[in-house]
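Being a predicted model, the structure only gives us computed values, none of them experimental. Side chains are part of it too, since the values below use all heavy atoms of this structure and drop only hydrogens, waters and symmetry mates.
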Amino acid sequence: MKRTTLLAVWAMLSLPLTAQPSDNKDYTQYVNPFIGTQTDESGALSGSTFPGATLPQGMVQLSPETEQMVTWDPCSGYDYNKDIIYGFTHTHLSGTGCTDLIDISLMPLSTTVTPAQLSEGMFGQHFSHEQESASPGYYMVQLQESQVRVELSATIRTGIHRYTFPEGQPQSVVIDLDRGTFRGEAYYSGRRSYNIIQSQLRIVDDHTIEGYRLITGWAKLRKVYFRAEFSRPFSQRLLMDGKRNAGKSNVVNGRELRTALSFSPHDGRQLTVKVSISPVDYDGARRNMAAEAAGWQFDDYVKAAHDSWQRELSRIDIEGSDEQKTIFYTGLYHVLMQPNTMSDVDGRYINTNFEQCQMPPGEVYHSTFSLWDTFRAAHPLYTLIAPDIAAQFVRDMVRHHQTYGYLPIWDLWGQDNYCMIGNHAIPVLADAIMADLPGIDAEAAYQAMVESSTRSHFNSPFEIWEQYGYMPQTLQNTSVSITMEQSFDDACVALVARKLGHTADYERFLRRSHFYRNLFDPSTGFFRPKDEQGQWLKDFDPLSYEQPCFVEGNAWQYMWFAPHDPQGLIDLFGSREAFLKKLDENFSLTATSGEVNGNASGFIGQYAHGNEPSHHTVYLYNFAGRPERTQELVDQVRREFYRATPCGYAGNDDCGQMSAWYIFSSLGFYPFHAGAAEYVVGTPLFTRATLHLADGKDFVISAPRKTPQRIHVKRVRLNGQPLKGHTITHQQIMAGGTLEFTL
């Protein structure tokens, strides 16, 4: 295929989001993929991101592994503090608190690999950050022992490698199917292949390898097929399953599979490798390769990846310092990485029942829905700036419901891993329906919401919920957290029921949305666990993270989680003054009790910005008549917990949620009630920001007097008229116009 034709075809294939007009600014220059890859000395700052090459919603995320055994921290497999790379693998999770994927590892070497070395499988090489760089769709590093220069790029479903070997030295590439994530017994026993059920390597010809691995982990069953093509033929190959040498056989099956391929140094120093993957079958990997990566010009793929990211990042234009732009556009980059494509170019995918299915023409199936995190700000951001892909996410979640019986909780590689609590696909669907998002079937989505709120499943025994009006801790663990979060989900169902005219449902779910009030103890001023007789459980410590009634937080952090009912929350305290006193204490009390949960970080008093339950809390002052305090706290969080450095996040980025908080809060508003398609006003960071909307309109946020010291908002005008209250609706933004802040 000609180079110009390849670029034209690839440009179409890499457009999961609607393209926007752009000026000559290069927005990708402000993306630093290393932000979030480093922990500081205390371990308090960690984004668990990776620096490798990927595209928006790419199936492939091609990145180095600095962990000999990828376990829990960092879950992405890359730690900026380390100086050894063990391989370059094709799938990753960005910013999660749990690990999985890390599939199909390649490592180039300037030595000939012996059977003993291949059996051992340890090919780590040192590197330095002075000989490492990354930008959207591109990664480079110089490996010190072999002196091989590694460059990586990607299409949606294919990883592109270019290796430059030292002159006259042997050239080898190891493909390792036994590298990945290690959990439970695999980690503690040291058995590297514990999670692998079965795998295969197959020599197709002298420049092509195919294989697959069937593996269990956070996603209970995954199958990953791959096809690797080399720009030059390999002269020798070695296939092994652990210590068993496959000899001259072209196929080997087992659980500890590796192959070492040798290339003649007389044929040139550079070697290009293309690795396509598929969750379906070998044909899927072959077709993905043929459609997306037919050519061999590495630089063409780098340019196409750059152009794809340039289109997506140009959806928002900001005026600020270079540091502000770096934090902002890196955050937007991290948000748009996922959810990830899970269907092949021919539209085939594997559903929740492990059946092969076919997407309608023009649609792409997605997975990696970290919903306990991303419903709060990341999904509202998709709905606002990328409504076409947000609508696809809704359709994908409804498909999940149709085969699984309820909406996804934490969807990974097309399966639910049940991580965390509640069912927070519900607010995502509610936000889409309330926003009048085109391209979705509102009634079908609504029915999925209702069934997901009435069919009991793990952590959601709805018969108990409706019988008691709360979750008794004696019948359901993490009862207070579930009660708070389920009340919010029910409020989202009620909103949509009212909009669509389902009156009986509206009344039922509105009543359920107030159940959180039944766990409020006015004598202590906290939400507390009860038993099934309605009695408070003893030994309650609001500072403790060891209380089994909470998830990843304490009573201070969860007491504010009623974003659907802020006035109801205020009323529980008896007066606005009593509420404000408690809220002030939340941001000033630094006392602790025992171990602090590892997910809690980024503290202002008891507020923990490093974990999601706190994210809306700074905006609560708006509802109690003290918006200036919201503005001060928003500014403090932006300044203290976001940096343009490798340790730039105050906690796991969680598939873009930490980044999405910054994006909204620097624009000047935030989706406080994430299912309502409306935003609460804060304080802008920039003198001017422009949202380029899907229909060609622009929405401008203007703060002409903005300085670092000017954070308090005197007035807000929408299209010249005073903004009523402290909220702005999705529809008002989508109509275009100007939101002007006077500071």
Side-chain angles (χ1 to χ4, degrees), residues 31-40 43-55 57-105 124 127 129 132 134-139 141 152 154 159 179-183 187 195 217-219 222 224 330-331 333-340 367-370 373-374 378 410 412-413 417 419 598-599 601 610-611 645-659:
V31 174
N32 178 0
F34 292 105
I35 290 179
T37 63
Q38 183 181 33
T39 57
D40 67 10
L45 293 172
S46 174
S48 200
T49 59
F50 62 85
T54 190
L55 264 69
Q57 293 87 53
M59 182 185 295
V60 162
Q61 308 91 30
L62 178 53
S63 193
E65 309 304 323
T66 62
E67 306 300 303
Q68 183 171 330
M69 296 179 68
V70 181
T71 53
W72 296 100
D73 190 16
C75 295
S76 68
Y78 182 93
D79 186 344
Y80 194 85
N81 293 324
K82 303 294 179 65
D83 64 352
I84 297 177
I85 289 175
Y86 294 92
F88 301 90
T89 57
H90 290 76
T91 59
H92 291 82
L93 290 168
S94 179
T96 58
C98 194
T99 188
D100 206 327
L101 308 184
I102 318 289
D103 296 301
I104 322 301
S105 174
F127 75 105
H129 297 304
E132 182 187 36
S135 60
Y138 176 79
Y139 173 86
V141 69
L152 308 175
R179 278 202 63 78
T181 61
F182 307 95
R183 300 162 55 81
Y187 175 68
N195 290 341
W218 198 18
R222 295 193 303 114
V224 187
T330 302
Y333 168 80
H334 282 145
V335 173
L336 294 174
M337 276 185 177
Q338 65 281 299
N340 303 111
S367 189
T368 316
F369 289 108
S370 181
D373 311 292
T374 55
W410 213 119
L412 175 62
W413 208 258
N417 59 33
C419 186
N599 291 283
S601 57
N611 207 22
T645 63
C647 56
Y649 292 131
N652 291 338
D653 192 41
D654 285 311
C655 293
Q657 168 57 28
M658 194 74 65
S659 295

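Atom CD of Gln68 sits about 4.5 Å away from atom OH of Tyr86, to the nearest 0.5 Å. A distance of 8.5 Å separates SG in Cys647 from CG in Asn81, rounded to the nearest 0.5 Å. For the atom pair Trp410 CH2 and Trp218 CH2, the distance stands at 4.0 Å (nearest 0.5 Å).
A donor-acceptor contact shorter than 3.5 Å is absent between the side chain of Thr91 and the backbone of Leu101. In this structure a side-chain-to-backbone donor-acceptor pair under 3.5 Å is missing from Gln57 to Leu55. Between the side chain of Asp79 and the backbone N or O of Thr66 there is no donor-acceptor pair closer than 3.5 Å. A donor-acceptor pair is defined here as one N or O able to donate and one able to accept, closer than 3.5 Å; such a pair exists between the side chain of Thr54 and the backbone of Val60. Here the side chain of Asn652 pairs no donor or acceptor atom with the backbone of Asp654 at under 3.5 angstrom. Asp100 places a side-chain N or O within donor-acceptor distance of the main-chain N or O of Ala219, the cut-off being under 3.5 Å. Of the possible donor and acceptor atoms, one in the side chain of Ser63 sits under 3.5 Å from a partner among the backbone N and O of Gly52.
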Self-check item: Trace of the side-chain contact (heavy atoms from CB on, under 4.5 Å) decision for Ser135 with Val31
Solution: CA-CA 7 Å; Ser135 60; Val31 174; over 6 Å; no

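Aromatic rings of Phe127 and His129 (six-membered ring for Trp) have centroids within the 6.0 Å cut-off, being under it.
With hydrogens and angles left out, the side-chain atoms of Gln338 and His92 include no donor and acceptor closer than 3.5 Å. With hydrogens and angles left out, the side-chain atoms of Ser659 and Asp653 include a donor and acceptor closer than 3.5 Å.
For the pair Arg179/Glu65, a side-chain contact is recorded, criterion being any heavy-atom separation below 4.5 Å from C-beta on. Looking at Asp103 and His90, their side chains never come closer than 4.5 Å, going by heavy atoms from C-beta outward.
Relative orientation of the Tyr80 and Phe34 rings is perpendicular, given thresholds of 30° and 60° on the angle between their planes.
Heavy atoms only, all atoms of each residue included: Phe50 and Leu93 are closest at CD2-O, 4.0 Å. Considering all non-hydrogen atoms of both residues, Ala378 and Gln657 come closest at N-OE1, 3.3 Å. Across all non-hydrogen atoms, the minimal contact from Gly87 to Ser105 is CA-OG, 3.6 Å. Contact detail for Tyr649 and Gly47: the closest heavy-atom pair is CD1-CA, 3.9 Å. Scanning all heavy atoms of the two residues, the minimum distance from Thr49 to Ile35 falls at OG1-O, 2.9 Å. The nearest pair of heavy atoms linking Asn340 to Thr368 is OD1-OG1, 2.8 Å.
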